[in-house]
Amino acid sequence: MENKDLNASNITVGGIYDMLLDSVNNEDTRPVIRLGRVDPTDNPLFRTTNVALDAVTTSVHSFNFNCYPPTHGLLQAKRAIADHLSSHFPHKLSAENVFLSIGGTQAIDIILPSIARPGANVLLPKPGYPQYELRASLCDLEVRYYDLLPERGWEVDLDSLENLADENTVALVIISPSSPCGNVFAYEHLKKVAEIANKLGIFVISDEVYAHVVFGSKPFVYMGEFSSIVPVISIGSFSKRWIIPGWRIGWIAICDPQGILQKSGIVSKITNYIEITDNPPTIVQQAAIPEILEKTPNDFHSNNLGILREAANIFYDGCKEIPCLTCPLKPEGAMVVMVEINLSQLEDIVDDVQFCSKLVKEESVILFPGVIVGLKNWIRFSLAVDPSDLKEGLSRIKAFGLRHAKLS
């Protein structure tokens with residue numbers, strides 16, 4: 001795998017994963033360790049709640065939900081999401097503030113074309129999630145990147161926001177908890193982001209796919225808590241927190257008590273895009289959404305967070321034993337973490353893509369090159385793996401690093 005023009009604008013997360021998987025040495029009899037893909041169902045310790053399974057089973061056997069779903073989603077599903085979010089906000093959302101999507105990715109695919117106009121630009125985090133750049137490139141929306149600062153626990157470079165924005169900037173995207181960095185933004189920091197966005201006259205798109213998936217000392221904070229300061233469009237999903245990425249259930253929530261997004265026509269554009277796209281299956285909307293939100297026991301979530309906390313401990317301790325890698329922050333949330341490659345310590349490896357390419361061929365370990373998420377010469381690790389796989393993967397990476405270490 002060569003790093004010619006490899007970046008987030010021309011390859012998806014799945015695309016790079018498939019490329020690396022194709023590079024596995026078939027003569028290596030050891031199992032492939034997948035530390036690149038963030039799919040919690042790969043870990044046998046993660047299982048969704050029986051509440052979801054029972055609800056879908058009941059819905060199927062009722063024969064009442066084999067029909068097409070309403071264009072804007074089932075009212076009871078939208079109301080359940082609105083009530084769930086409202087319990088965390090200073091104002092109440094209605095069902096009309098919620099749009100259902102096929103996972104968080106479709107939500108991105110709907111929102112970005114809705115805010116695009118000739119000459120417009122959007123501010124994205126670096127590193128971030130590649131789908132934003134991919135979608136922006138298809139709707140002629142210019143992308144400008146602000147930095148997340150590893151030396152400050154991946155906080156937003158607040159000064160860069162004002163330097164990057166101009167009269168054509170329409171919004172900034174923040175991913176909280178952060179994927180791919182694994183940090184959790186503090187309340188005061190998010191409030192500052194909201195205040196700067198207000199000063200710039202733009203709104204915030206808050207990607208909260210990993211909402212409440214936090215296992216460090218900081219609590220999760222919804223950006224919608226600051227919607228009295230700045231309008232917020234929130235993206236949510238059941239994929240990660242409920243361990244059902246294959247069910248493809250997501251949502252868009254308009255957190256805008258002053259109605260600015262409605263007056264500007266953005267909500268109407270989102271509605272128009274919803275009307276020409278596919279919807280989540282009726283059975284899942286009816287059964288999974290209301291039941292999951294209302295009846296999932298707390299111990300389901302606490303157990304999953306305990307698994308992730310153990311993985312974070314294993315990873316952080318193991319990473320410190322690998323001289324060629326540096327992790328600036330112990331993971332606090334989400335299911336991923338970014339690690340810097342110390343290339344000066346390695347022989348015959350020039351960048352992150354070559355590191356990952358050689359690693360998969362020599363050790364059958366798949367990691368995600370940082371250039372795809374906007375940070376060259378870093379790598380992204382998944383924590384959503386079995387602890388034994390994580391330990392084995394770290395052991396192989398250590399051996400790989402020693403094999404390629406420069407002789408002193």
Side-chain angles (χ1 to χ4, degrees), residues 8 13-14 16-17 19-21 23-24 31-43 45-46 127-130 148 150 153-154 175 177-184 209-210 213-216 240 245 305 307-343 346 349 351-360 362-401:
V13 172
I16 189 66
Y17 175 79
M19 287 171 64
L20 289 166
L21 192 60
S23 299
V24 171
V32 177
I33 304 295
R34 296 171 170 84
L35 302 182
R37 187 170 72 164
V38 189
D39 186 342
T41 64
D42 287 342
N43 184 344
L45 297 178
F46 285 126
Y129 184 56
L148 302 180
W154 297 109
I175 303 173
S178 176
S179 171
C181 301
N183 65 297
V184 177
V209 165
Y210 285 101
V213 183
V214 295
F215 40 85
K240 301 302 196 298
L305 293 179
I307 294 169
L308 285 168
R309 188 176 297 111
E310 179 189 6
N313 290 335
I314 292 171
F315 167 79
Y316 194 64
D317 291 342
C319 190
K320 288 187 287 188
E321 300 299 318
I322 303 174
C324 65
L325 299 181
T326 300
C327 180
L329 179 73
K330 185 176 182 180
E332 304 172 323
M335 296 179 177
V336 285
V337 59
M338 291 295 289
V339 176
E340 187 174 16
I341 307 170
N342 304 317
L343 291 172
L346 297 173
I349 294 178
D351 59 21
D352 54 319
V353 174
Q354 193 174 50
F355 183 98
C356 293
S357 181
K358 289 192 174 188
L359 178 67
V360 72
E362 296 179 23
E363 296 290 347
S364 295
V365 175
I366 297 177
L367 287 176
F368 205 83
V371 68
I372 305 302
V373 295
L375 208 54
K376 184 177 175 62
N377 297 334
W378 290 65
I379 47 178
R380 191 192 77 174
F381 276 81
S382 169
L383 301 178
V385 295
D386 187 280
S388 61
D389 285 345
L390 184 54
K391 291 176 183 177
E392 172 65 16
L394 289 167
S395 176
R396 295 188 199 177
I397 296 167
K398 182 178 180 180
F400 173 82

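Everything quoted here is computed from the prediction, not taken from an experiment. For the numbers below, each heavy atom of this structure counts, side chains included, while hydrogens, waters and symmetry mates do not.
Scanning both residues, Pro245 and Thr41, for their nearest heavy atoms gives CD-CG2, 3.8 Å. Phe215 and Pro331 get closest at one heavy-atom pair: CE1-O, 3.4 Å. Minimum heavy-atom separation, Ala384 to Phe46: CA-CE1, 4.3 Å. Across all non-hydrogen atoms, the minimal contact from Gly401 to Cys324 is CA-SG, 4.0 Å. Scanning all heavy atoms of the two residues, the minimum distance from Pro177 to Tyr210 falls at CD-O, 3.2 Å.
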Exercise for the section: Applying side-chain contact (heavy atoms from CB on, under 4.5 Å), run through Met338 and Val373 and close with a yes or a no. Expected result: CA-CA 10 Å; Met338 291 295 289; Val373 295; 3.8 Å; yes
Problem - Residue pair Arg37, Ile366: steps toward the side-chain contact (heavy atoms from CB on, under 4.5 Å) verdict - result: CA-CA 8 Å; Arg37 187 170 72 164; Ile366 297 177; over 6 Å; no
Practice task
Could you walk me through whether Val38 and Lys240 pass side-chain contact (heavy atoms from CB on, under 4.5 Å), step by step?
Solution key: CA-CA 9 Å; Val38 189; Lys240 301 302 196 298; 4.0 Å; yes
Handout entry: Test side-chain contact (heavy atoms from CB on, under 4.5 Å) applied to Ile307 and Asn43, step by step
Key = CA-CA 10 Å; Ile307 294 169; Asn43 184 344; 4.1 Å; yes
Which side-chain N or O atoms in residues 385-392 pair as donor and acceptor under 3.5 Å with protein atoms at least two apart or in another chain?
| unit_1 | atom_1 | unit_2 | atom_2 | d |
| --- | --- | --- | --- | --- |
| Asp386 | OD1 | Ser388 | N | 2.8 |
| Asp386 | OD1 | Ser388 | OG | 2.4 |
| Glu392 | OE2 | Arg396 | NE | 2.8 |

Can you give each donor-acceptor pair under 3.5 Å made by side-chain atoms of residues 310-320, sequence neighbours left out, with the distance rounded to 0.1 Å?
| unit_1 | atom_1 | unit_2 | atom_2 | d |
| --- | --- | --- | --- | --- |
| Asn313 | OD1 | Lys330 | NZ | 2.5 |
| Asn313 | ND2 | Arg309 | O | 3.3 |

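Residues satisfying the side chain to side chain donor-acceptor pair (under 3.5 Å) criterion with Ser395, sequence neighbours excluded, are absent altogether. Every residue meeting the salt bridge (charged side-chain N to carboxylate O under 4.0 Å, His left out) condition with Lys358, not counting sequence neighbours, appears here in chain and number order: Asp348. Among residues two or more places apart in sequence or in another chain, the salt bridge (charged side-chain N to carboxylate O under 4.0 Å, His left out) test is passed with Glu321 by none.
A heavy-atom distance below 4.5 Å is found between the side chains of Leu325 and Ile379. No side-chain heavy atom of Arg34 sits less than 4.5 Å from a side-chain heavy atom of Asp39. Counting only heavy atoms from C-beta outward, the side chains of Trp378 and Pro150 approach each other to under 4.5 Å. Inter-residue side-chain proximity for Val337 and Cys327 is flagged as met; some heavy-atom pair is nearer than 4.5 Å. Put simply, the side chain of Leu343 reaches to within 4.5 Å of the side chain of Asn377, judged on heavy atoms. Using a 4.5 Å cut-off on side-chain heavy atoms (C-beta onward), Glu363 and Ile397 make no contact. For the pair Pro369 and Leu20, the minimum side-chain heavy-atom distance is below 4.5 Å. Side chains of Leu346 and Phe400 form no contact here, defined as non-hydrogen atoms less than 4.5 Å apart.
The OG atom of Ser364 sits 10.0 Å away from the CG atom of Leu21 when rounded to the nearest 0.5 Å. Atoms CG and OG, on Asn183 and Ser178 in that order, are 4.5 Å from each other to the nearest 0.5 Å. Taking CG of Leu375 as the reference point, atom CG of Asp352 lies at 8.5 Å (rounded to 0.5 Å). Here Cys356 contributes atom SG and Ile372 contributes atom CD1; the two are 9.5 Å apart, rounded to the nearest 0.5 Å.
Applying the side-chain hydrogen bond (donor to acceptor under 3.5 Å, both in side chains) rule to pairs touching residues 332-343 yields Thr326-Asn342, sequence neighbours excluded.
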